[in-house]
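One structure is given below, encoded as structure tokens.
Note: hydrogens, waters and symmetry copies are ignored here, and every other heavy atom, side chains too, is used.
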Amino acid sequence: MQITQKLDRRAFVLAMAAAATPLPVWAAFPDKPLRMVVPFPAGGAADVMARGLALHMGEHLGQQVVIDNRGGAGGTMAAEMVARAPADGYTVFFATMGTHAINPSLYPKLRYDPVKDFTPIALTHITPRVLVVGPSIKARSAAEFIALAKSKPGLITYGSAGNGSSSHLSGALFATMAGVDLQHVPYKGSAPLLTDLLAGRVDATFDSYTVYEEFIRTGRVHALGVTSIKRMAALPQVPTLDEAGLKGYEVSNWLGLLAPAGTPGEVVARLNAAVVAAMADAGLKKQLTALGIEPVATTPEEFSKLIRSDIPKWERIVKASGARVE
């Protein structure tokens, strides 16, 4: 009887000790809304993609994923803010090729390390750029645009989503390969750029099809070429810039989700699973494909490999173009 009582008492003590032991911080993750920081203003291409991803991730996680738009400085300020955020999974960054592959070569005083300061979650979107001209430009092909630019050196402007963005470097690479002098005009995202393009205050852009789809379709702006090596399914009649004579020209922007460095692996795994579920949604895939965007959902390791391999690739392009942001 005494032995049984001792065993019962010991079991009780062990059970109480187990109950008093705090669970790992990730055990209940997530138990509150998450914040997804987008390095561009609302209404732009990155914002559109982020909102679709956030909505479907929230459904999978059982918590809302709130979009926090932080535009400016080519996404550097937003990236730096997330790099310094708590590594608990509740703040994630909707990174772009610009913030994590181009900026390291473009900004000599970058205040975040694109590899060391972040934990990859998943690559989510791949999207080519489109050379779009506004009403101020009468050219209707890439060849005509190049001829016009050569006749007016330094007078033709192209807008980008910001210094260091892929739209900036796409234009710089185009100018280098075409042998033309274009004037770069940086904006804080695609939305204000679109406004000025429609108004004729800027002549052209190398930007995501997502933002311009309606205006290309209605003829208010004109697509002269796509930056991928293959034609876009959404714009089958528009040739690639490689086809148009710039042999070897290829730029396909990528976007994906990152967390601050040190985020627990279990949290990263749950976020990755939410991304996979979101990007597998048939409705979201159809919407993205119609906008010329390829939906993907890689492993964290695959996304890490892409970032690491793209940094030296864009370093060569930045040096060749002469682009630099102080």
Query raised in the report: Considering only heavy atoms from C-beta outward, does the side chain of Pro120 approach that of Leu258 to under 4.5 Å?
Result: yes
Requested in this report: Please check if the distance between the ring centroids of His100 and Tyr112 is under 6.0 Å.
Outcome: yes
Query raised in the report: If Ile, Leu, Val, Met, Phe, Trp and Tyr residues are connected whenever their side-chain heavy atoms lie under 4.5 Å apart, and connections chain through other members, are Ile293 and Phe40 in the same group?
Result: no
Query raised in the report: Can you name the nearest heavy-atom pair linking Phe303 to Ile121, along with the distance?
Result: CD2-N, 4.3 Å
Query raised in the report: Tell me, do Thr240 and Glu250 make a side-chain contact under 4.5 Å, heavy atoms counted?
Result: no
Query raised in the report: Are any of the side-chain heavy atoms of Gln63 and Leu34 separated by less than 4.5 Å?
Result: yes
Query raised in the report: Heavy atoms, side chains only, cut-off 4.5 Å: are Pro41 and Asp47 in contact?
Result: no
Report task. To the nearest 0.5 angstrom, please state how far the CG atom of Leu306 sits from the CG atom of Leu123. Result -> 6.0 Å
Report task. Check Pro33 against Tyr90 and note the closest heavy-atom contact, atom names and distance. Result -> O-CD2, 3.7 Å
Query raised in the report: In this structure, which one of Ser166, Ser208, Ser170, Ser167 forms a side chain to side chain donor-acceptor pair (under 3.5 Å) with Arg129?
Result: Ser166
**Report entry** Other residues, nucleotides, ligands: >12 heavy atoms within 6.0 Å of Arg111 CZ
**Finding:** no
Requested in this report: Work out which heavy atom in Ala290 is nearest to a heavy atom in Ala234; give both atom names and the distance.
Outcome: O-CB, 3.6 Å
Query raised in the report: After noting the C-alpha distance and the side-chain angles of Thr195 and Arg201, does the key distance pass the side-chain contact (heavy atoms from CB on, under 4.5 Å) rule?
Result: CA-CA 9 Å; Thr195 300; Arg201 288 187 286 269; 3.9 Å; yes
Query - Pair Ser136, Asp203: side-chain N/O donor-acceptor within cut-off below 3.5 Å - result: yes
Query raised in the report: Is it true that a side-chain atom of Thr263 and a backbone atom of Pro260 form a donor plus acceptor pair closer than 3.5 Å?
Result: yes
Query raised in the report: Once you round to the nearest 0.5 Å, how far does OG1 of Thr127 lie from CH2 of Trp254?
Result: 13.5 Å
Query raised in the report: What residues form a ring pair (Phe, Tyr, Trp, His ring centres under 6.0 Å) with His60, not counting sequence neighbours?
Result: none
Report task. Ignoring hydrogens and angles, tell me if any N or O in the side chain of Thr205 forms a donor-acceptor pair with the backbone of Gly159 under 3.5 Å. Result -> yes
**Report entry** Check: Pro128 main-chain N/O paired with Asn253 side-chain donor or acceptor under 3.5 Å
**Finding:** no
Query raised in the report: Is Thr99 reaching over with its side chain to a backbone N or O of Ala95, donor-acceptor style, under 3.5 angstrom?
Result: no
Query raised in the report: Would you call Asn272 and Pro300 a side-chain contact if the rule is heavy atoms closer than 4.5 Å?
Result: yes
Requested in this report: Measure from the side-chain N and O atoms of Asp68 to the backbone N and O of Met36, and report whether any donor-acceptor pair falls under 3.5 Å.
Outcome: no
Query raised in the report: Do His222 and Phe145 make the cut of ring centroids closer than 6.0 angstrom?
Result: no
Query raised in the report: Going through the checks in order, is the side-chain contact (heavy atoms from CB on, under 4.5 Å) test met by Lys313 and Ser309?
Result: CA-CA 7 Å; Lys313 167 188 170 182; Ser309 65; over 6 Å; no
**Report entry** Minimum side-chain heavy-atom gap Glu294-Leu288 below 4.5 Å
**Finding:** no
Query - Reference residue Val65; test side chain to side chain contact (heavy atoms under 4.5 Å, CB included); the match among Glu59, His56, Met57 - result: Met57
Query raised in the report: From Leu169 CG over to Ile102 CD1, what is the distance, rounded to the nearest 0.5 angstrom?
Result: 4.5 Å
Report task. To the nearest 0.5 angstrom, please state how far the CG atom of Leu246 sits from the CG atom of Leu241. Result -> 6.0 Å
Query raised in the report: Roughly how far, to the nearest 0.5 Å, is OG of Ser105 from CD1 of Ile311?
Result: 8.0 Å
Requested in this report: Considering only NZ, NE, NH1 and NH2 on the basic side and carboxylate oxygens on the acidic side, decide whether Glu301 and Lys305 come within less than 4.0 Å.
Outcome: no
Report task. Report, as yes or no, whether the 6.0 Å neighbourhood of atom CZ on Arg140 holds more than 12 heavy atoms from other residues, nucleotides or ligands. Result -> yes
Query - Shared hydrophobic cluster for Leu55 and Leu271 (ILVMFWY, side-chain gaps under 4.5 Å) - result: no
Query raised in the report: Which is it for Arg220 and Leu198 under the side-chain contact (heavy atoms from CB on, under 4.5 Å) test, yes or no, and what are the steps along the way?
Result: CA-CA 7 Å; Arg220 295 188 63 186; Leu198 291 171; 4.1 Å; yes
Report task. State yes or no: do Val221 and Ile156 share one hydrophobic cluster built from I, L, V, M, F, W and Y residues joined by side-chain heavy-atom distances below 4.5 Å, directly or via other members? Result -> no
Requested in this report: Indicate yes or no: at least one non-hydrogen side-chain atom of Arg231 is less than 4.5 angstrom from one of Val238.
Outcome: no
Query raised in the report: Does the side chain of Val251 reach to within under 4.5 Å of the side chain of Phe206, using non-hydrogen atoms?
Result: no
Query raised in the report: At their closest point, which heavy atom of Gly75 faces which heavy atom of Pro39, and how far apart are they?
Result: CA-CB, 3.6 Å
Report task. I would like to know whether Glu266 and Arg270 meet salt bridge (Lys or Arg N to Asp or Glu O under 4.0 Å); could you show each step before the answer? Result -> CA-CA 6 Å; Glu266 295 82 359; Arg270 292 186 185 184; over 6 Å; no
Query raised in the report: Within a radius of less than 6.0 Å around NZ of Lys116, do more than 12 heavy atoms belonging to other residues, nucleotides or ligands occur?
Result: no
Query - Worked check of side-chain contact (heavy atoms from CB on, under 4.5 Å) between Leu197 and Phe215 - result: CA-CA 11 Å; Leu197 186 71; Phe215 305 99; over 6 Å; no
Report task. Kindly work out whether a path of hydrophobic side-chain contacts (I/L/V/M/F/W/Y, heavy atoms less than 4.5 Å apart) joins Leu235 to Met49. Result -> no
Query raised in the report: Atom NE2 of His184 and atom OG of Ser160: how far apart are they, to the nearest 0.5 Å?
Result: 2.5 Å
Query raised in the report: So, Asp207 versus Tyr158: side-chain donor-acceptor pair below 3.5 Å or not?
Result: no
Report summary line: Closest heavy-atom pair, Ala101 versus Trp314, reported as atoms and distance to 0.1 Å, is O-CB, 3.5 Å
Query raised in the report: Can you name the nearest heavy-atom pair linking Ala223 to Val130, along with the distance?
Result: CB-CG1, 3.6 Å
Query raised in the report: Tyr209: what forms a ring pair (Phe, Tyr, Trp, His ring centres under 6.0 Å) with it, not counting sequence neighbours?
Result: none
Query raised in the report: Is it the case that one hydrophobic cluster holds both Leu255 and Leu257, taking links as side-chain heavy atoms less than 4.5 Å apart, direct or via other members?
Result: yes
